[in-house]
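Shown next, in structure tokens, is the structure this report addresses.
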Amino acid sequence: MKKWLIALAGVLLTFTLAGCGSKTVATTSGGKITESQYYSSMKGTSSGKQVLQQMILNKVLEKDYGDKVSTKQVTKQYNTYKSQYGSSFSTVLTQNGLTTKTFKEQLRSNLLLKEAVKDKVKITDKALKKQWKSYEPEVTVQHILVAKSATADKVLDALKKDSSQANFTKLAKKYSTDTTTKNKGGKLAAFDNTNTSYSSKFLTAAFKLKNGEYTTSAVKTSNGYEIIRMIKNPGKGKMSDHTAELKKQIWDNDMSDSTVLQNVVSKVLKDGNVSIKDSDLKDILSSYLSTSSSSSSN
């Protein structure tokens, strides 16, 4: 199962904290428990402090970047996860202690934090050049996966005679063990260098191909033997033509970098004029507000 950890979870956690008052939370034969009692107990725990940290951060992020994150964006990301997990989606939510509502709240928090990263992190020319080295544009391929090298050789012999897309499609339907794609001629969804679904061997071999070319020897992966044919490769081109994509990839990488996130959260909170009124919690943000290093992708 893929990690449900959203970038925010690496910095702070998301919960809901009851308000502080005299309202009864629970009653027992030994007496009642009020909101104020619950609050006093919770604020002394690490999880309770994380709750408040998250609530404070969310308030500031909403004020600064709320207009940049739409409900449509949250729903789109939610539907991507839902589609990815299919019929097991509800079960996975439950296993992670989430509901549709709380998961969407986490997605929104994550998107708000990403806006903060885009705002607070300066991307240098050095960072762009570094990302350019690994950059590959989105390509579309078809593949044939087989279990034995002898079968792969048989397919390759057939392709030597006719390497057209039509023949590759025919061979995929006949030989491929990938039941998801074989009836589509082995065609895969378009992918770029950020793809994590395929092995590095598969990606390296695929990106080397030009339109109409195929791997003249099978690529051995943990799944078996892969024969890949390029349908559409637009070519890498010049770095200046892909600045927007490079920045997006850098920001995505930053969202997985705890040091970058720590610095960004520190800046957001410092700019948010946060004032802690409860003396018992006065140091709750000290690890963030004391951070002085600047965030920059270089």
Give the ring-plane orientation class for F103 versus Y78, where under 30° counts as parallel, over 60° as perpendicular and anything between as tilted. tilted

Please work out whether the ring planes of Y85 and F89 are parallel, tilted or perpendicular, with thresholds of 30° and 60°. tilted

What verdict does the side chain to side chain donor-acceptor pair (under 3.5 Å) test give for T194 and D192, after you've listed the backbone C-alpha separation in whole Å, the side-chain angles of each residue and the deciding distance to 0.1 Å? CA-CA 6 Å; T194 63; D192 61 15; 2.5 Å; yes

Does the pair K120/D271 count as a salt bridge with the N-to-O cut at 4.0 Å? yes

Within the side chain of [X], is there an N or O that forms a donor-acceptor pair under 3.5 Å with the backbone of [Y]?
X    : Y    : value
S41  : Y38  : no
T204 : S200 : yes
R108 : V74  : no
K232 : T140 : no
S40  : S36  : yes
N96  : V92  : yes
E115 : D64  : no
H242 : G237 : no

Determine whether the side chains of S164 and D162 contain a donor N or O and an acceptor N or O closer than 3.5 Å.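 A pair is found: one side chain offers a donor N or O, the other an acceptor, under 3.5 Å apart.
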
No-hydrogen, no-angle side-chain donor-acceptor test under 3.5 Å, T91 and S88: no

For D252 and K248, what are the C-alpha separation, side-chain angles and deciding distance, and is it a salt bridge (Lys or Arg N to Asp or Glu O under 4.0 Å)? CA-CA 6 Å; D252 286 341; K248 182 180 182 300; 3.3 Å; yes

Residues which pass side chain to side chain contact (heavy atoms under 4.5 Å, CB included) with [X], listed by chain and number, not counting sequence neighbours:
X    : result
S199 : K201, F202, T221
T215 : A205, L209, V219, I227, I228
D280 : K43, D278
D257 : T259, V260

So for atom [atom1], which belongs to [X], do other residues, nucleotides or ligands contribute more than 12 heavy atoms lying within a distance under 6.0 Å?
X    : atom1 : value
K114 : NZ    : yes
K68  : NZ    : no
K104 : NZ    : yes

Can you name the nearest heavy-atom pair linking [X] to [Y], along with the distance?
X    : Y    : value
V274 : L269 : CG2-O, 3.7 Å
A158 : N167 : O-ND2, 3.6 Å
A116 : V268 : CB-CG2, 3.9 Å

Compare all side-chain heavy atoms of N233 with those of K210 and state whether any distance is below 4.5 angstrom.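 In short, these two side chains do not touch, never coming nearer than 4.5 Å.
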
Can you name the side chain to side chain donor-acceptor pair (under 3.5 Å) partners of E213, sequence neighbours left out? none

For the side-chain hydrogen bond (donor to acceptor under 3.5 Å, both in side chains) test, which of Q249, K133, E136, E138 pairs with N193?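 Among Q249, K133, E136, E138, the one meeting side-chain hydrogen bond (donor to acceptor under 3.5 Å, both in side chains) with N193 is Q249.
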
Please determine whether residues L57 and V117 belong to a single hydrophobic cluster, defined as Ile, Leu, Val, Met, Phe, Trp and Tyr linked transitively by side-chain heavy-atom distances below 4.5 Å. yes

Run through H143, K160, Q142, Q165 and flag the one making a side chain to side chain contact (heavy atoms under 4.5 Å, CB included) with Y214.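 That would be K160.
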
For T151, which of T177, L156, V146 qualifies under side chain to side chain contact (heavy atoms under 4.5 Å, CB included)? V146

Just do the side chain to side chain donor-acceptor pair (under 3.5 Å) check on K277 and S275 with the steps written out, would you? CA-CA 6 Å; K277 304 301 182 182; S275 177; 3.2 Å; yes

With sequence neighbours left out, what residues match K238 under salt bridge (Lys or Arg N to Asp or Glu O under 4.0 Å)?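 Expected list: none.
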
Any chance you could measure I284, atom CD1, to Q50, atom CD, to the nearest 0.5 Å?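 Separation between the atoms: 9.0 Å.
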
